[in-house]
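FYI, side chains are in, hydrogens and waters are out, and symmetry mates aren't considered; it's all heavy atoms of this structure. No experiment lies behind these values; they were computed from the predicted model shown.
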Amino acid sequence: MAIIASTIFLVIGLLLILGFLYILFRNGRIKRNGILTNAKVVSISFEKGSENEEGFSGIIKVPVYSFEYFKNEKIKSCRIKGRSNSKVKIGDITPVYYHPKNPSKDYFLPKKDFFVKYMYLLIGFIFLV
């Protein structure tokens, strides 16, 4: 039984570390191939948390950012969601890297994504130990 539990913890730890590596390489690719601009917090979205046995786990505060980019020689506007429960105010400005072909899906907020990716790594190592 102890071998099965150890194996489960090992697999979970490795999956979390792989998640960290995926985020790290994805963000690096967007940073290398993307365009840097500034995004402004234009609103705060309040969304239901994940569902558990008692119902929903509460309300999650998610900032909504807006930035402008060029496409076919025209200025376009794009809205993206940040990380849940980020400590921001409407009007705050942060850098954003985006891929010119798909800015609404391929973006990276370098000052806001720090904690999430390292959380995967830390918890992954905890599961490996």
Side-chain angles (χ1 to χ4, degrees):
M1 192 64 148
I3 294 174
I4 294 172
S6 297
T7 304
I8 290 172
F9 274 89
L10 178 68
V11 169
I12 291 171
L14 290 174
L15 287 174
L16 288 168
I17 291 172
L18 287 174
F20 163 78
L21 291 173
Y22 170 76
I23 292 170
L24 190 69
F25 287 120
R26 178 185 173 275
N27 291 350
R29 178 184 52 82
I30 293 171
K31 192 172 180 178
R32 278 190 310 277
N33 301 324
I35 297 170
L36 176 64
T37 190
N38 286 319
K40 183 178 185 178
V41 178
V42 293
S43 67
I44 305 291
S45 173
F46 294 93
E47 301 175 1
K48 290 182 181 178
S50 59
E51 194 170 338
N52 58 26
E53 294 151 4
E54 295 91 35
F56 290 98
S57 64
I59 302 296
I60 297 172
K61 182 177 99 171
V62 180
V64 178
Y65 296 91
S66 178
F67 64 91
E68 294 180 339
Y69 65 98
F70 287 99
K71 185 172 186 176
N72 299 330
E73 299 179 17
K74 293 181 183 176
I75 296 176
K76 302 274 187 171
S77 182
C78 182
R79 284 183 172 229
I80 57 174
K81 287 189 176 182
R83 298 286 174 231
S84 63
N85 292 322
S86 295
K87 295 186 182 210
V88 296
K89 301 181 302 246
I90 292 178
D92 284 355
I93 295 176
T94 190
V96 60
Y97 287 93
Y98 68 93
H99 196 284
K101 291 185 179 178
N102 196 359
S104 63
K105 300 237 189 266
D106 261 348
Y107 63 89
F108 158 53
L109 299 161
K111 291 192 175 183
K112 303 296 179 189
D113 289 346
F114 177 81
F115 179 72
V116 173
K117 67 183 172 189
Y118 289 105
M119 183 179 66
Y120 277 104
L121 182 64
L122 178 66
I123 294 172
F125 278 133
I126 289 171
F127 271 88
L128 288 178
V129 175

Once you round to the nearest 0.5 Å, how far does [atom1] of [X] lie from [atom2] of [Y]?
{"X": "Phe108", "Y": "Ile23", "atom1": "CZ", "atom2": "CD1", "result": "10.5 Å"}
{"X": "Tyr98", "Y": "Ile80", "atom1": "OH", "atom2": "CD1", "result": "11.0 Å"}
{"X": "Thr7", "Y": "Ile12", "atom1": "OG1", "atom2": "CD1", "result": "11.0 Å"}

So do the side chains of [X] and [Y] get within less than 4.5 Å of each other, counting heavy atoms only?
{"X": "Ser66", "Y": "Arg79", "value": "yes"}
{"X": "Lys31", "Y": "Pro110", "value": "no"}
{"X": "Tyr65", "Y": "Val88", "value": "yes"}
{"X": "Cys78", "Y": "Tyr107", "value": "no"}
{"X": "Ile60", "Y": "Phe46", "value": "no"}

Looking only at heavy atoms, which two atoms of [X] and [Y] are closest? And how far apart?
{"X": "Gly82", "Y": "Leu109", "value": "CA-CD1, 4.0 Å"}
{"X": "Tyr97", "Y": "Ile30", "value": "O-CG2, 3.7 Å"}
{"X": "Pro63", "Y": "Val41", "value": "CB-CG1, 4.4 Å"}
{"X": "Leu36", "Y": "Pro95", "value": "CD1-CB, 3.8 Å"}
{"X": "Lys76", "Y": "Lys71", "value": "CG-CB, 4.0 Å"}
{"X": "Ala39", "Y": "Val96", "value": "CB-CG1, 3.8 Å"}

What about Val42 and Ile93, same hydrophobic cluster or not, with Ile/Leu/Val/Met/Phe/Trp/Tyr joined at side-chain heavy-atom distances under 4.5 Å?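 Not linked; separate clusters.
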Going only through I, L, V, M, F, W and Y residues with side-chain contacts under 4.5 Å, is there a path from Leu16 to Leu24? yes
Main-chain N/O of His99 paired with Tyr69 side-chain donor or acceptor, under 3.5 Å: no
